[in-house]
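Presented below is the structure to which this report refers.
What you are looking at is a predicted structure, and each value in this text was computed from that prediction instead of being measured.
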Amino acid sequence: MSKMNKSLKIAFISIICVILVLLTASITKAALGTKVNIGFYGISSSLQEKFAGELEKITDKNGKPFRYKYVSFDTSVPAVNILSNKVDLLIMYKGKNTYEVINESKKEKFALDSSILEGTTTNAASNAVFLNSNKVNAVPLLMDNVEILLNTKDLKKQNEPIFTSFGDLEKYMYSLVGKSQFPVVFAGADNNMLLNVLTAFNEVYCGKAETEEISSVIADYKDSDYAPLFNRVDFPFKDGIRFLSKLTNDNVLPRNVYHMTSADVEFFMEDEIASIVITTLGEHRELSSKALTHYVSVPQYTNQRLSFFPSRRSNDERCCIANTICEVPLSGKKHVKYIAKKLISVETQESLSYSTGLAPVLARCHTPDLQADDARFWIASGNAPIVPVYNSAFTTSSQVFNFTQELKKMIINNK
């Protein structure tokens, strides 16, 4: 055989091998399913696992599973900074970061038809982000509200007082001073929880419009030193701060509440030495069964007469304080939109609510228990829910930290 023929034979065999390798890779890829990059921003590891579990159940129209790659981002940087990563679908809390991501991405191409919101409660749908009247850029999936839990043994000791408004609850708080080791507690060492409580109390006293005004006030404030902001006459959170300060000075709240962790609060509940606990539905789900044995929510105690965090106004004039976990498509691929629609289907909504314990956004789907069903009902009642200030006004955890350091000084020193 000539050298030329031998070379041609080797070249031919090489080409055949390359074709076989490419064909095998193509078949393997097809068998494994379409690849989808899922990003989580500011979502806890436990919730990420639960979302991943639900995503793995979703198959394409031919019954094939998708190949997911999960990437987690913390809030040390603004969400807009992660857009350089190849993320097809981003799971995040609705807030200032959501709007920045949508405004920076190719919004029109990625948006979903507004029909995706069919079946959601009106207030859940109001938490969707539209950049025009027909296209949705952020779709609500789950909601997590601020709530008050009451110790049933202490209620019996106080002759089971009747609550018809926040004023009645406030009187009950004060009646516990000197009788309860901890009349009211919350995990104040957690900056987000502190701002949950502040947002809730401010809504009680000032209503929705003034409470939401804080987001625009902070957005216009460019200094990293927040002390001058707190001293402004027009600062919208003054009433909420004043009330927290009053509760602290009057020993309704222990002065060390701003150093208490969620583990501390759980211990106090297990030992039944905390009469009233302010928390969120998400944190509630992390508590032990022992901790929850003698605690009920305000709606349960009042037979649904009052919401999770009662107001000074009638129920239809007020709103819940609640975070919304939403999905933001960052790809125009058909399979990404398909998955986004599946996450808000009845089947997946029910499964997500059961696995996370949070409130679904669909009006007609099953929930794991009365707690989640009550959350959906009260979030849907009255005005649209308020996003807590740490998500509505800030884009990084360091901003939240700097703000809450000044906030704690104001609460402690405000007489």
task = Check whether the side chains of Gln304 and Asp374 place a donor and an acceptor atom closer than 3.5 Å, and report yes or no.
result = yes
query = For atom OH of Tyr174, is the number of surrounding heavy atoms from other residues, nucleotides or ligands below 6.0 Å larger than 12?
reply = yes
message = Tell me the closest heavy-atom pair linking Asn251 and Pro183, and the distance in Å.
response = O-CG, 3.9 Å
request  = Carefully, step by step, assess Leu281 and Leu358 under the rule side chain to side chain contact (heavy atoms under 4.5 Å, CB included).
outcome  = CA-CA 7 Å; Leu281 179 58; Leu358 300 180; 4.2 Å; yes
message = Between Glu54 and Leu343 (side chain of the first, backbone of the second, donor and acceptor by atom type, cut-off under 3.5 Å), is there such a pair?
response = no
ask   = Would Tyr390 and Asn196 count as having a side-chain donor-acceptor pair, cut-off 3.5 Å?
value = yes
Any donor-acceptor N/O pair, Asn81 side chain to Val77 backbone, under 3.5 Å = no
message = If we ignore hydrogens and angles and just use 3.5 Å, is the side chain of Ser381 paired with the main-chain N or O of Phe377 as donor and acceptor?
response = yes
key: Candidate pair Thr404 and Leu195, rule side chain to side chain contact (heavy atoms under 4.5 Å, CB included), full reasoning   = CA-CA 8 Å; Thr404 53; Leu195 291 178; 3.8 Å; yes
task = Can you label the angle between the Tyr205 ring and the Phe166 ring as parallel, tilted or perpendicular, going by 30° and 60°?
result = perpendicular
message = I'd like to check Val129 versus Tyr99 (side-chain heavy atoms, cut-off strictly below 4.5 Å). Are they in contact?
response = yes
ask   = Side chains of Asn151 and Ser275: donor-acceptor distance under 3.5 Å anywhere?
value = no
ask   = Got a donor-acceptor contact below 3.5 angstrom from the Tyr68 side chain to the Ala52 backbone?
value = no
request  = Heavy atoms only: give me the nearest Ile91-Leu141 pair and the separation to one decimal.
outcome  = CD1-CD1, 4.3 Å
request  = For Lys57 and Ser351, test the side chains for any donor-to-acceptor distance below 3.5 angstrom and give the result as yes or no.
outcome  = yes
inquiry  = Are there over 12 heavy-atom neighbours, none belonging to Tyr70, within less than 6.0 Å of that residue's OH?
reply    = yes
task = Could you walk me through whether Tyr41 and Val87 pass side chain to side chain contact (heavy atoms under 4.5 Å, CB included), step by step?
result = CA-CA 11 Å; Tyr41 179 82; Val87 173; over 6 Å; no
key: N-O pairing of Asp60 and Lys342 below 4.0 Å   = no
task = Indicate whether the side chain of Asn323 and that of Asn391 have a donor and an acceptor atom separated by less than 3.5 Å.
result = yes
Heavy-atom donor-acceptor pair, Asp271 side chain to Ile273 backbone, under 3.5 Å = no
key: Neighbour count above 12 (heavy atom, 6.0 Å) for Lys341 NZ   = no
inquiry  = Is the shortest side-chain heavy-atom distance between Pro299 and Trp378 below 4.5 Å?
reply    = yes
key: Separation between CD1 of Ile325 and OG1 of Thr356, rounded to the nearest 0.5 Å   = 7.0 Å
ask   = Does Gln158 CD have over 12 foreign heavy atoms under 6.0 Å away?
value = yes
request  = Heavy atoms only: give me the nearest Met193-Ala187 pair and the separation to one decimal.
outcome  = CB-O, 3.5 Å
ask   = Do side-chain atoms of Asp144 reach the backbone of Gly282 as a donor and acceptor pair under 3.5 angstrom?
value = yes
query = Do Gln300 and Ser297 have side-chain atoms, one donor and one acceptor, less than 3.5 Å apart?
reply = yes
query = Can you find a pair of side-chain heavy atoms, one from Phe268 and one from Val277, that are under 4.5 Å apart?
reply = no
query = Are side-chain heavy atoms of Pro360 and Thr367 found at a separation under 4.5 Å?
reply = yes
message = Testing the basics here: between Ala359 and Ala375, what is the closest heavy-atom pair and its distance to 0.1 Å?
response = CB-CB, 3.9 Å
note = Sorted by chain and number, sequence neighbours left out, ring pair (Phe, Tyr, Trp, His ring centres under 6.0 Å) with Tyr93 holds for none
ask   = Do NZ/NE/NH1/NH2 and the carboxylate oxygens of Lys208 and Glu203 come within less than 4.0 Å?
value = no
key: For Asp88, salt bridge (charged side-chain N to carboxylate O under 4.0 Å, His left out) partners two or more places apart   = Lys333
task = Please answer whether the main-chain N or O of Leu362 pairs with a side-chain N or O of Arg376 as donor and acceptor at a distance below 3.5 Å.
result = yes
request  = Could you check if a side-chain atom of Ser72 sits within less than 4.5 angstrom of a side-chain atom of Gln48, using non-hydrogen atoms only?
outcome  = yes
task = State whether the side chain of Asn85 and the backbone N or O of Ile82 hold a donor-acceptor pair below 3.5 Å, judged by distance alone.
result = yes
key: Any donor-acceptor N/O pair, Thr324 side chain to Cys326 backbone, under 3.5 Å   = no
ask   = Between Phe40 and Phe73, is a ring pair (Phe, Tyr, Trp, His ring centres under 6.0 Å) present by the stated rule, with each step listed?
value = CA-CA 6 Å; Phe40 294 103; Phe73 306 95; 9.4 Å; no
query = Going by heavy atoms in the side chains, are Cys206 and Phe237 under 4.5 Å from each other?
reply = no
ask   = Does Gln405 offer a backbone N or O that forms a donor-acceptor pair with the side chain of Asn402 under 3.5 Å?
value = no
task = Give a yes-or-no answer on whether the side chains of Tyr258 and Asn191 include a donor-acceptor pair shorter than 3.5 Å.
result = no
query = Quick one: are Ile58 and Tyr338 in side-chain contact, heavy atoms under 4.5 Å?
reply = yes
message = Could you tell me if Thr348 and Ser345 have a donor-acceptor pair between their side chains, going purely by distance under 3.5 Å?
response = yes
inquiry  = Checking Ser288 against Glu270: is there a side-chain donor and acceptor pair closer than 3.5 Å?
reply    = yes
query = Strictly by modelled atom types, are Glu212 and Ser392 linked by a side-chain donor-acceptor pair under 3.5 Å?
reply = no
request  = Taking all heavy atoms of Tyr221 and all of Pro228, pick out the closest pair and write down the distance.
outcome  = OH-CD, 3.4 Å
task = Check the angle between the aromatic planes of Tyr226 and Phe403 and answer parallel, tilted or perpendicular using the 30° and 60° thresholds.
result = perpendicular
query = With a 4.5 Å limit on heavy-atom distance, are the side chains of Asn137 and Phe130 in contact?
reply = no
inquiry  = Under a plain distance cut-off of 3.5 Å, with no hydrogens placed, do Thr121 and Asn123 share a side-chain donor-acceptor pair?
reply    = no
query = Are Thr261 and Asp264 linked by a side-chain donor-acceptor pair shorter than 3.5 Å?
reply = yes
inquiry  = Side chains of Thr395 and Glu100 only: does a donor on one sit below 3.5 Å from an acceptor on the other?
reply    = no
request  = Any chance you could lay out the side chain to side chain contact (heavy atoms under 4.5 Å, CB included) test for Ile339 and Leu55, step after step, and finish with the verdict?
outcome  = CA-CA 8 Å; Ile339 292 168; Leu55 284 162; 3.7 Å; yes
